Colleague: 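Quick one: structure below, then a few questions.
The figures here come from the full heavy-atom set of this structure, side chains too, leaving out hydrogens, waters and symmetry mates. All values derive from a computational prediction rather than experimental measurement. Order of the sequence lines fixes the chain letters, A, B, ..., with proteins taken first and strands second; residue numbering starts at 1 for each chain.
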Protein chains: 2
Amino acid sequence: MAGALSNPEVFRYGIEIYEAYKKTALPSDILEEQRKVKEADLVIFQFPLYWFSVPAILKGWMDRVLCQGFAFDIPGFYDSGFLKGKLALLSLTTGGTAEMYTKTGDSGDFRYFLWPLQHGILHFCGFKVLAPQISFGIDFSSEEERKVIVESWAQRLKSIWKEEPIHCTPPWYFQE
Amino acid sequence: MAGALSNPEVFRYGIEIYEAYKKTALPSDILEEQRKVKEADLVIFQFPLYWFSVPAILKGWMDRVLCQGFAFDIPGFYDSGFLKGKLALLSLTTGGTAEMYTKTGDSGDFRYFLWPLQHGILHFCGFKVLAPQISFGIDFSSEEERKVIVESWAQRLKSIWKEEPIHCTPPWYFQE
């Protein structure tokens with residue numbers, strides 16, 4: 001961000017970013033990313049799953065781009081988030097095969113791992129979330145198998161605008 | 001990492017890092033962090049909660065330092081993870097007050113947000129996990145209130161070696 005701190009005595013990162021957003025004092029790369037998000041009807045996050053979440057570089061994008069004032073405010077989150085009316089979708093590849101996740105007992109819990117991203121970040125900003133696209137076993141697949149994976153993703157994209165969002169509130173996720 | 005790729009035809013990041021670890025070809029900053037982890041009996045991760053998770057820079061530390069071969073192998077994870085015998089603890093500060101999390105209905109779900117970190121990363125590497133230290137409302141607290149927060153954390157640390165680890169497997173977390 002450019003210019004003086006809004007409170008030089010107590011540095012509070014979130015508040016400084018919020019103030020910088022309102023003064024259009026964020027760096028130009030962030031403004032450019034925010035412009036792209038604003039124009040999008042559907043944002044697809046394509047990433048390799050690292051530690052059951054996004055890689056650090058994509059977390060950094062979320063930390064910096066989806067700032068208070070732009071993506072949400074307090075109040076102004078979840079169904080009132082500023083990106084409401086838009087769709088988001090996590091498209092992820094995993095090193096391990098689907099069977100490996102089943103064996104270690106994590107496959108059924110995959111949605112638990114995705115919940116902080118889908119509910120805590122995307123839904124918080126107002127996005128409606130489409131079902132994740134999970135391409136398992138990329139590290140162990142042949143060229144031929146990877147073509148099948150890409151083809152099925154391409155097929156899904158043809159009718160993506162007809163899809164209904166998933167529910168990602170806690171009761172649905174955790175059968176409360 | 002230094003030296004040639006183990007498979008220059010198909011670049012697979014995880015596998016290259018795994019091979020580099022075995023050949024001691026990882027960068028010296030990573031080796032230095034791994035040395036510190038190896039010496040520690042208890043690793044405390046102190047961070048401000050960003051998007052219900054660790055900030056990108058700490059995610060990057062986890063992505064890079066806790067690599068296959070060092071922290072786990074397949075097989076060699078969860079209770080057999082290579083960091084077994086060690087304790088880990090998430091100590092986090094939040095901008096919002098505890099009341100704000102309650103109001104938005106997320107307070108009860110706080111443990112759901114921490115589960116991917118505590119189970120998916122720390123337990124996966126073999127750590128036993130101590131209860132998280134959560135310091136709420138740092139953005140809104142007075143100097144006096146912050147002193148109380150630090151003092152209670154200091155008090156807890158005095159008897160930290162007597163604490164029993166929490167359970168962070170899915171049935172306990174989600175009452176399955």
Colleague: Count the heavy atoms belonging to other residues, nucleotides or ligands that lie under 6.0 Å from NZ of B/Lys38, then report whether that count exceeds 12.
Modeller: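 For B/Lys38, atom NZ is not crowded (no more than 12 foreign heavy atoms under 6.0 Å).
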
Colleague: Report whether B/Phe77 and B/Tyr18 are members of the same hydrophobic cluster (ILVMFWY, side-chain heavy atoms less than 4.5 Å apart, transitive linking).
Modeller: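 In one cluster with B/Phe77: B/Tyr18, no.
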
Colleague: Using the rule that two of Ile, Leu, Val, Met, Phe, Trp, Tyr join whenever any of their side-chain heavy atoms come within less than 4.5 Å, decide whether B/Val37 and B/Ile17 are in one cluster.
Modeller: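 B/Val37 and B/Ile17: one cluster.
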
Colleague: In terms of heavy-atom proximity below 4.5 Å to chain B, should A/Phe72 be classed as side chain, backbone, both, or neither?
Modeller: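 It is the side chain, since no backbone atom gets that close.
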
Colleague: Does any heavy atom of chain B fall under 4.5 Å from the side chain of A/Ile74, the backbone, both, or neither of them?
Modeller: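 Side chain only.
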
Colleague: Membership question, hydrophobic clusters at under 4.5 Å side-chain separation (ILVMFWY): are B/Leu89 and B/Phe136 in the same one?
Modeller: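 Each belongs to a different hydrophobic cluster.
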
Colleague: Could you check whether the rings of A/Tyr13 and B/Tyr50 sit parallel, tilted or perpendicular, using 30° and 60° as the cut-offs?
Modeller: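 Judged by the thresholds at 30° and 60°, the geometry between A/Tyr13 and B/Tyr50 is parallel.
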
Colleague: Determine whether a donor-acceptor pair (N or O, by modelled atom type, separation under 3.5 Å) exists between the side chain of B/Asp63 and the backbone of A/Ala56.
Modeller: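 Answer holds: yes.
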
Colleague: In this structure, would A/Leu49 and A/Phe140 fall into the same cluster of hydrophobic residues linked by side-chain contacts under 4.5 Å?
Modeller: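 Linked within one cluster.
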
Colleague: Looking at B/Trp51, is its backbone amide N or carbonyl O close enough to the side chain of A/Lys59 to form a donor-acceptor pair, meaning the two atoms are under 3.5 Å apart?
Modeller: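 A pair under 3.5 Å: no.
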
Colleague: If you tally heavy-atom pairs under 4.5 Å against chain A, which of B/Leu58, B/Leu66, B/Val10 wins?
Modeller: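 Ranked by heavy-atom pairs under 4.5 Å with chain A, first place is B/Leu66.
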
Colleague: Could you check which of B/Gly96, B/Pro48, B/Gly95, B/Pro55 has the highest count of heavy-atom pairs closer than 4.5 Å to chain A?
Modeller: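 Most heavy-atom pairs within the cutoff with chain A belong to B/Pro55.
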
Colleague: Testing the basics here: between B/Phe113 and A/Gly120, what is the closest heavy-atom pair and its distance to 0.1 Å?
Modeller: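 The answer is CE2-CA, 3.7 Å.
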
Colleague: Can B/Leu87 be reached from B/Leu122 by stepping across I, L, V, M, F, W or Y side chains whose heavy atoms are under 4.5 Å apart?
Modeller: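 No, B/Leu122 does not connect to B/Leu87 through the hydrophobic network.
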
